[in-house]
Amino acid sequence: MLNIVIFGPPGSGKGTQSAKIVEKYGLVHLSTGDLLREEMARNSPLGIEVRKFIDKGLLVPDEIIMRELYEKASEYLDAQGMIFDGFPRTIIQAEMLDRMLVKREIPVSIVLSVEVEEEELFNRMMGRAQDSGRSDDQAHIIRHRIEVYKNQTLPLMDYYKKQGKIAVINGMSPVEIVFERITRAIDTYLSTEVILPEIN
Ligand code: ADP
């Protein structure tokens, strides 16, 4: 069982890299952002509720996230492992995830922290805005999402560092190169159970 958390600021390429990881390692992809966007597209009661937060660049409340994720994760009890993308985003979510996984005796194996400089993040998200059609890919909301990340999500680095699970991946390179770094981190973990702390 391989449970990966992919962690990084908005625009760091988590979604793109997750898709490649899923293909190579046969994991189930759990993206809270994708789940929430599906609900918004369907205009479900949940979608209407979460839009209020997402369109402002705010985090969706922890209770909503946990309920949705728990439900989704329980569909995949037989999976070879999961990749959590865009989740956890707060310390509370990380603690809840640990409790959920401990019950099933499958803790988080490795946390990939994809690091990209702030201006590059901004430029990437502005660049994709046209294609993504995402209501939160607008200059002032992007800036806000980056701030929310720094304030609410970055503290998770310490949480996972204390658990010795962080592999820092240099994300300032083309997709394929970043993916090579990620596979190096995962393959090292799989063959030796050692987590390389920093991969360039
Ligand atoms: P990005 O990381 O590029 O901003 P995501 O698709 O992961 O994209 O998330 C988009 C938005 O969905 C976030 O800005 C936030 O409002 C909401 N969201 C996603 N995951 C979570 C989460 N785990 N907790 C709270 N809000 C979330």
Side-chain angles (χ1 to χ4, degrees), residues 3-22 28-44 46-73 82-101 108 111-157 159-160 169 171-172 175 178:
N3 282 322
I4 299 177
V5 169
I6 187 160
F7 175 83
S12 56
K14 299 185 298 281
T16 307
Q17 296 296 337
S18 296
K20 296 176 76 65
I21 295 169
V22 163
V28 169
H29 185 193
L30 279 175
S31 158
T32 42
D34 287 351
L35 287 175
L36 299 172
R37 275 187 291 278
E38 275 165 32
E39 296 292 335
M40 292 198 295
R42 294 208 333 251
N43 257 321
S44 67
L46 174 67
I48 293 166
E49 172 70 13
V50 300
R51 181 182 290 285
K52 292 188 256 173
F53 301 95
I54 293 182
D55 282 359
K56 294 192 191 99
L58 297 170
L59 294 186
V60 171
D62 290 328
E63 313 79 74
I64 298 182
I65 296 292
M66 282 316 292
R67 196 180 60 218
E68 289 311 301
L69 195 96
Y70 209 91
E71 209 169 278
K72 205 73 198 167
M82 298 190 210
I83 176 153
F84 298 95
D85 162 13
F87 172 89
R89 248 182 168 88
T90 61
I91 299 274
I92 290 181
Q93 290 180 16
E95 288 170 349
M96 290 197 234
L97 177 65
D98 277 350
R99 280 201 293 274
M100 176 177 117
L101 293 179
V108 168
V111 178
L112 304 167
S113 171
V114 184
E115 302 206 339
V116 174
E117 285 164 18
E118 192 164 330
E119 271 322 287
E120 170 79 9
L121 296 172
F122 183 77
N123 293 336
R124 284 187 191 177
M125 283 187 277
M126 288 303 285
R128 81 180 179 193
Q130 202 85 31
D131 294 334
S132 76
R134 278 176 53 166
S135 47
D136 57 351
D137 279 346
Q138 299 173 49
H140 67 289
I141 301 173
I142 291 173
R143 290 278 181 219
H144 194 63
R145 282 159 58 204
I146 295 175
E147 283 314 303
V148 166
Y149 172 80
K150 287 197 256 180
N151 295 331
Q152 300 189 48
T153 306
L154 210 49
L156 280 178
M157 274 291 268
Y159 181 88
Y160 284 119
I169 310 285
M172 293 281 291
V175 169
V178 176

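Just follow the structure's listing: the first ligand is 1, and inside any ligand the first atom is 1. Note that the structure is a prediction, hence the values are computed from the model and not measured.
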Once you restrict both partners to nitrogen or oxygen, which atoms of ligand 1 have a protein partner under 3.5 Å, and how far apart are they?
unit_1	atom_1	unit_2	atom_2	d
ligand 1	2 (O)	K14	NZ	3.0
ligand 1	2 (O)	R89	NH2	2.9
ligand 1	3 (O)	R145	NH2	3.2
ligand 1	4 (O)	R89	NH2	3.4
ligand 1	4 (O)	R145	NE	3.3
ligand 1	4 (O)	R145	NH2	2.9
ligand 1	6 (O)	R37	NH1	2.9
ligand 1	6 (O)	R37	NH2	2.9
ligand 1	7 (O)	R89	NH1	3.1
ligand 1	7 (O)	R89	NH2	3.3
ligand 1	8 (O)	R134	NH2	3.2
ligand 1	9 (O)	R89	NH2	3.4
ligand 1	16 (O)	L58	O	2.6
ligand 1	20 (N)	T32	OG1	2.7
ligand 1	20 (N)	G86	O	3.3
ligand 1	20 (N)	R89	NH1	3.2
ligand 1	23 (N)	G86	O	3.0
ligand 1	23 (N)	Q93	OE1	2.9
ligand 1	24 (N)	Q93	NE2	2.9
ligand 1	26 (N)	V60	N	3.0

Problem set entry | Those residues that, when tested against E38, pass side-chain hydrogen bond (donor to acceptor under 3.5 Å, both in side chains) (two or more places apart) |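 With sequence neighbours excluded, E38 shows a side-chain hydrogen bond (donor to acceptor under 3.5 Å, both in side chains) to no residue whatsoever.
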
Scan residues 62-71 for pairs that pass salt bridge (Lys or Arg N to Asp or Glu O under 4.0 Å), counting only residues two or more places apart or in two chains.
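Every pair satisfying salt bridge (Lys or Arg N to Asp or Glu O under 4.0 Å) with a residue in residues 62-71: there are none.
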
Quick one: does F87's side chain get under 4.5 Å of L30's, heavy atoms only?
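They are not in side-chain contact.
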
Please determine which of E95, M96, Q93 meets the side chain to side chain contact (heavy atoms under 4.5 Å, CB included) test together with P88.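 Per the side chain to side chain contact (heavy atoms under 4.5 Å, CB included) rule, the option paired with P88 is Q93, out of E95, M96, Q93.
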
Modelled atom types, side-chain donor and acceptor of Q152 and T90, under 3.5 Å
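Distance-only check fails for Q152 and T90.
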
Check: Can you list the residues that meet the side chain to side chain contact (heavy atoms under 4.5 Å, CB included) rule with M126, with sequence neighbours excluded?
Finding: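 Side chain to side chain contact (heavy atoms under 4.5 Å, CB included) list for M126, sorted by chain: F122, A139, I142.
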
